[in-house]
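Take a look at the structure set out below.
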There are 2 protein chains.
Amino acid sequence: MVSLDLSTPMPARKDPKAKASHEATASRREVEFPPRLSSGYLVRDAHRAFQRLLERRIAPYGVARGQWYFLRVLWNADGLSQRELSVRVGMMEPTTVIALRSMERSGLIRRVRGDDDRRKMRVFLTAKARRLRSELLAVARSITEDAEQGIAARDLAAFRRVITRMTANLDRIER
Amino acid sequence: MVSLDLSTPMPARKDPKAKASHEATASRREVEFPPRLSSGYLVRDAHRAFQRLLERRIAPYGVARGQWYFLRVLWNADGLSQRELSVRVGMMEPTTVIALRSMERSGLIRRVRGDDDRRKMRVFLTAKARRLRSELLAVARSITEDAEQGIAARDLAAFRRVITRMTANLDRIER
DNA sequence: GATAATTACTTAGAAATCTATGCAATGGGA
DNA sequence: TCCCATTGCATAGATTTCTAAGTAATTATC
């Protein structure tokens with residue numbers, strides 16, 4: 001059980017290139033609702049940082065970000081229907097269609113029309129995709145490690161509880 | 001690498017429509033790196049939940065999600081150049097161009113070529129956009145409140161520290 | 001002062017998403 | 001058995017975002 005301090009030393013830049021110059025400029029006010037305190041903004045920033053890194057690290061393997069989520073599920077459950085895949089990955093079906101089309105083009109999957117139910121398309125990984133598994137999972141692990149650098153285990157646990165709860169809170173709301 | 005319990009109380013559905021049926025199905029394994037423990041996945045889910053709600057709640061005002069971030073900055077600093085806007089909003093410049101084009105079309109901004117430096121385009125809110133300010137900020141506040149329902153203040157504080165640090169960690173990494 | 005480098009914006013093109021619709025296979029009731 | 005609702009996949013079209021590359025205005029260098 002590691003336990004180390006946290007102490008946010010970085011100011012959390014939004015654009016990693018944009019050296020500085022934007023805070024401290026005119027118009028400090030935003031009293032009405034400062035983005036730096038807004039969970040939504042914090043989540044958005046973090047999301048983009050994760051996406052950016054994921055994209056860069058899997059690109060060398062010829063895998064795009066949108067394909068990643070599907071690979072991940074298929075490695076553990078080959079032969080699912082598109083509907084099942086959509087649910088498990090958490091995407092709408094048209095998104096799944098697009099991702100699978102690109103995966104078929106790049107030789108990561110095959111699609112086979114269902115025998116029993118001819119509406120269904122069962123999705124199977126190719127050998128190529130299966131071979132990528134361990135390397136790509138290592139990439140995912142490394143990104144998580146990079147992200148969690150220097151964060152105390154108990155803070156991480158609290159983080160997971162909170163963000164999971166937030167998502168659930170928001171998912172419960174229809175409008 | 002830390003290893004700790006987690007206790008994820010909510011099942012964190014991905015698709016709010018997909019009632020259930022996917023956890024508990026076959027193939028529980030994913031031993032190699034369970035998504036429910038991956039900060040990246042948690043952040044992605046939360047991000048989409050936030051986006052979805054934001055989109056729905058501002059649509060009635062005729063404002064799209066991509067316009068929102070710019071409005072937010074402009075309410076506090078009217079007349080910025082596109083470059084400055086990009087930096088403050090945290091978007092790449094082409095993204096800014098697209099957002100501003102749509103905002104000009106919907107009558108939220110005017111663009112005026114700079115007098116001093118004729119490369120620059122200064123961006124000004126219209127009266128219409130200025131009038132939207134308080135209502136839309138209230139929307140933002142309400143979403144945050146919804147998200148944070150039932151979460152203890154100290155957990156929230158830990159959450160903010162952690163996610164800010166994660167973003168900073170990731171931003172520091174180039175590849 | 002002419003040329004080179006930089007800066008500000010733009011275009012082009014791709015990817016990842018969504019909502020709304022359409023079409024075809026299936027299955028349950030009358 | 002036949003109709004119709006449901007289910008599974010697909011298309012269309014919109015939005016948000018990126019990277020790469022282009023153009024025009026400004027500034028710096030010789």
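We name chains A, B, ... by the order of the sequence lines, and we start the count at 1 in each one.
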Between B:M121 and A:E93, which has a closest nucleotide on DNA chain C that is more 5'?
B:M121
What integer distance in Å separates B:I98:CD1 from C:dA16:P?
16 Å
Under 4.0 Å, heavy atoms only, any strand: does B:R111 hit a base, just the sugar-phosphate, or nothing?
sugar-phosphate
Expressed in angstrom and rounded to an integer, what is the separation of B:M92 atom CE from D:dA20 atom P?
12 Å
Whole angstrom value for the distance that separates P of C:dA24 from CZ of A:R113:
11 Å
More than 12 heavy atoms from other groups under 6.0 Å of CZ on A:R111
yes
Between D:dT7, D:dT26, D:dT19, which nucleotide has the shortest distance from any of its atoms to the side chain of B:P94?
D:dT19
Out of C:dA15, C:dC18, D:dT11, which has the shortest distance to the side chain of A:T95?
C:dC18
Roughly how many Å is it from CZ in B:R56 to C1' in C:dT17, rounded to a whole number?
14 Å
Between D:dT17 (C1') and A:Q51 (CD): distance, integer Å
11 Å
Honestly, is A:R165 close enough over B:F159, meaning NZ or CZ under 6.0 Å from the six-membered ring centre and within 45° of the axis?
no
Any side-chain N or O of A:Q82 under 4.0 Å from OP1/OP2 of D:dA10?
yes
Would you tell me if any nitrogen or oxygen in the side chain of B:R119 comes within less than 4.0 Å of OP1 or OP2 on C:dT6?
no
I'd like to know whether B:D146 forms a salt bridge (charged side-chain N to carboxylate O under 4.0 Å, His left out) with A:R172, so could you lay out the CA-CA distance, the side-chain angles of the two residues, the decisive distance to 0.1 Å, and finally the verdict.
CA-CA 10 Å; B:D146 287 340; A:R172 212 171 346 85; over 6 Å; no
When you measure from the side-chain N and O atoms of B:R101 to the phosphate of C:dT11, is any distance below 4.0 Å, counting only OP1 and OP2?
yes
Going by an N to O cut-off under 4.0 Å, is there a salt bridge joining B:D171 and A:R52?
yes
Counting neighbours of CZ on B:R113 that are heavy atoms of other residues, nucleotides or ligands and sit closer than 6.0 Å, is the number greater than 12?
yes
Selection from D:dT26, D:dC18, D:dT15 that lies nearest to any side-chain heavy atom of B:D117:
D:dT26
Does a side-chain N or O from A:R118 land closer than 4.0 Å to OP1 or OP2 of D:dC9, or not?
no
Which residue lies more 5' along DNA chain C, comparing A:Q67 with A:D115 via nearest heavy atoms:
A:Q67
Nearest-Å distance for atom pair CG/C1', residues A:D45 and D:dT16:
16 Å
Listed nucleotide nearest any side-chain atom of B:M91, set C:dT17, D:dT17, D:dC9
D:dT17
Can you tell me how far apart CD (A:E84) and CZ (A:R122) are? Round to the nearest 0.5 Å.
8.5 Å
Check the distance between C:dA16's P and A:Y69's OH and give it to me in whole angstrom.
9 Å
Would you mind telling me which of D:dC9, D:dC18, C:dT17 lies closest to the side-chain atoms of A:V97?
D:dC9
Describe the nucleic acid contact of B:S81 in one word from base, sugar-phosphate, nothing, applying a heavy-atom distance below 4.0 Å.
sugar-phosphate
Minimum-distance nucleotide (side-chain atoms of A:R83 versus C:dC9, D:dC9, D:dT11)
D:dC9
Measure from NE2 on B:H47 to C1' on D:dT17 and round the result to the nearest Å.
10 Å
